[in-house]
Amino acid sequence: MSVCRFCGKTGAFRFRSYNIRVCAECYPEFYEKLVKKTLTKYRMVRKGDKIALAVSGGKDSMAMADVMKTLSTKMDFEVITMHIDLGISDYSRKSVKAVREFDPDAVIVSLNDVAGFGIENMKGKACSACGKVKRYLMNRTAREYGAEKLATGHTADDISVFFIKNWLSGNFQWSDKLLPVTEGFHEKILTRIRPLYERTERENALYVLARGLEFVIDECPLSPIDEWKDILYEVERRKPGFKQNFVRGIVRFSNRKEEEWNVELCPECGEISSGGLCGFCRLKRRVIKR
Ligand code: AMP
Ligand code: FES
Ligand code: ZN
């Protein structure tokens, strides 16, 4: 029966990766706990931090900003909402409207005002230019408003797709963008945090719907459709929890120290061992002792 794990009411959504059902009323609190766990686990925030929330107007960064606002009072940090108006006709107008609706005090910087052009006026690969513009203006604006950290709405879907495409290109480049936190390597570069690192887009969509937040449904008209997102959606459907496990795997992989790769030789047989007797000799001893 589809009853909510927390209040027992019927008509709850099913979360196969956690093996529970949660109703729309209890869901925001459940989601908030999941995000809080991520913040703590990866040491993303400290008391007294001032964090700029980069909101595009889409469901993911809207969910991120809303849950971070709630957590800021509970965990004692400060937040400001920030949006870059990229000048992409209707899409940008809708985005600005959704961000204003969410937070009337949001800092909104217009690319047209700062640089005299919008992304729409760009020839060629607008998307990669846009990425550059966003990184530059988000960092600069957040710093000018006194923030020490910049939070984005990157999801487990984004990170998994980024990893897979990078890997498949054959020249895999390790990038800190794959991790939950990227420390600023210079005083002018803010530390980046990704509070939705372990959240899927489905979880975020359900959160904004359950909270009744306005958001922009349209994708940016200039970005190409990414088939990998659909492929991973199917993988997740068949293997619930896949995306979460995948990104956790990336973190574990990045934490491996050089010496972990160093091997020793087994003192008994001389084959490779991870330290002391090798697995085979240990097994042999156990069996022979019996
Ligand atoms: P994207 O590069 O479009 O996948 O967006 C990644 C993250 O960057 C989003 O989750 C937001 O946190 C942030 N972001 C994207 N576009 C904007 C924007 N126009 N203004 C502020 N933040 C943005
Ligand atoms: Fe950057 Fe679409 S949001 S090109
Ligand atoms: Zn409930």
Side-chain angles (χ1 to χ4, degrees), residues 2-15 20-31 51-68 79-100 102-103 106-112 114 118-142 149-159 161-162 177 182 192-197 199 201 204 206 208 210 215-216 218-226 229:
S2 60
V3 294
C4 171
R5 158 76 65 95
F6 302 106
C7 70
K9 270 193 229 139
T10 51
F13 308 113
R14 186 173 177 203
F15 293 90
I20 61 169
R21 289 174 190 271
V22 188
C23 76
E25 262 165 66
C26 297
Y27 182 67
E29 200 180 328
F30 172 66
Y31 178 91
I51 303 176
L53 310 172
V55 187
S56 67
K59 64 182 187 326
D60 301 306
S61 52
M62 201 53 100
M64 183 278 292
D66 188 70
V67 75
M68 287 295 277
V79 290
I80 49 170
T81 312
M82 205 175 73
H83 175 73
I84 314 293
D85 175 354
L86 296 159
I88 309 175
S89 61
D90 232 29
Y91 173 70
S92 290
R93 271 193 293 279
K94 284 186 194 166
S95 306
V96 169
K97 184 173 166 286
V99 175
R100 282 233 169 85
F102 169 71
D103 180 357
V107 175
I108 299 183
V109 178
S110 148
L111 175 60
N112 249 312
V114 175
I119 293 296
E120 220 174 24
N121 313 122
M122 309 243 2
K123 300 230 160 44
K125 289 191 174 173
C127 249
S128 74
C130 173
K132 242 179 230 144
V133 163
K134 281 194 283 199
R135 271 192 302 280
Y136 176 89
L137 282 181
M138 286 196 291
N139 184 70
R140 193 175 103 178
T141 312
K149 288 178 182 167
L150 177 66
T152 56
H154 289 99
T155 64
D157 303 57
D158 295 324
I159 304 293
V161 168
F162 181 45
K177 274 194 272 182
T182 312
R192 295 219 172 195
I193 60 170
R194 306 182 175 94
L196 306 187
Y197 188 80
R199 301 281 71 74
E201 294 192 1
N204 304 334
L206 289 174
V208 289
F215 66 99
V216 182
D218 319 354
E219 294 291 332
C220 166
L222 303 179
S223 24
I225 291 168
D226 196 331
K229 286 236 162 134

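When reading the values below, keep in mind they use all heavy atoms of this one structure, side chains included, and skip hydrogens, waters and symmetry mates. Both counts, for ligands and for their atoms, begin at 1 and track the order of listing.
- Below 4.0 Å from some heavy atom of Ser61 lie the following atoms of ligand 1, by number and element: 10 (O), 11 (C), 12 (O).
- With Leu53 as the partner, the side chain to side chain contact (heavy atoms under 4.5 Å, CB included) test is satisfied by one option alone out of Lys149, Met82, Met62, Met64: Met64.
- In this structure, the side chain of Asp157 engages the main chain of Glu201 through a donor-acceptor pair within 3.5 Å.
- Set against the non-hydrogen atoms of Lys134, the atoms of ligand 2 under 4.0 Å away are 1 (Fe), 3 (S).
- Using the six-membered ring where Trp is involved, Phe15 and Phe30 have ring planes that are tilted, between 30° and 60° apart.
- Checked for salt-bridge contact, Asp158 and Lys229 meet the test: a charged N lies under 4.0 Å from a carboxylate O.
- Around atom 2 (Fe) of ligand 2, the protein contributes the following N, O or S atoms at distances under 2.8 Å: Cys220 SG.
- In summary, the atoms of ligand 1 found under 4.0 Å from a heavy atom of Met82, numbered by their order in the structure, are 21 (C).
- Formation of a donor-acceptor pair under 3.5 Å by the His83 side chain with backbone atoms of Ile108 is not found in this model.
- Judged by distance alone, with hydrogens and angles left aside, the side-chain atoms of Ser61 form a donor-acceptor pair with the main-chain N or O of Ser56 at under 3.5 Å.
- Contact annotation: the side chain of Phe215 never approaches that of Asp60 to less than 4.5 Å [non-hydrogen atoms, C-beta and beyond].
- Qualifying salt bridge (charged side-chain N to carboxylate O under 4.0 Å, His left out) partners for Glu120, counting only residues two or more places apart in sequence or in other chains: none.
- Ligand 1 has Leu86 within reach: a non-hydrogen atom of the residue lies less than 4.0 Å from it.
- The contact set between ligand 1 and Val55, taken as ligand atoms under 4.0 Å from a residue heavy atom, comprises 20 (N), 21 (C), 22 (N).
- Considering backbone and side-chain N/O of Ala151, none are found under 3.5 Å from N/O of ligand 1.
- If you put the vertex on the Zn ion (ligand 3), SG of Cys4 and SG of Cys23 sit 110° apart, to the nearest 10°.
- When distances from atom 4 (O) of ligand 1 to the protein are checked, no heavy atom turns up under 4.0 Å.
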Requested in this report: Start with the C-alpha gap between Leu86 and Lys134, add the side-chain angles, then the distance that decides, and say whether side-chain contact (heavy atoms from CB on, under 4.5 Å) holds.
Outcome: CA-CA 8 Å; Leu86 296 159; Lys134 281 194 283 199; 3.9 Å; yes
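- Looking at ligand 1, you'll find an N or O of Ala54 within less than 3.5 Å of one of its N or O atoms.
- The distance from ligand 1 to the heavy atoms of Met138 drops below 4.0 Å at these ligand atoms: 22 (N), 23 (C).
- Listed by number with element, the atoms of ligand 1 under 4.0 angstrom from any heavy atom of His154 are 6 (C), 7 (C), 10 (O).
- At the shortest separation from atom 17 (C) of ligand 1 among protein heavy atoms lies Ser56 CB, 3.5 Å.
- In this structure, the protein non-hydrogen atom closest to atom 10 (O) of ligand 1 is Gly153 N, 2.9 Å.
- Between Leu111 and Ile119 the shortest side-chain heavy-atom distance falls below 4.5 Å.
- With respect to atom 2 (O) of ligand 1, the closest heavy atom belonging to the protein is Lys134 NZ, 3.5 Å.
- Shortest contact from atom 19 (N) of ligand 1 to any protein heavy atom: Ile84 O, 2.9 Å.
- Looking only at side-chain heavy atoms (C-beta outward), Thr182 and Lys177 stay at 4.5 Å or farther from each other.
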Requested in this report: Take Glu25 and Phe6 through the side-chain contact (heavy atoms from CB on, under 4.5 Å) test and state the conclusion after the steps.
Outcome: CA-CA 10 Å; Glu25 262 165 66; Phe6 302 106; over 6 Å; no
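- Checked by atom type and distance alone, the side chain of Asn121 pairs as donor or acceptor with a backbone atom of Gly118 at under 3.5 Å.
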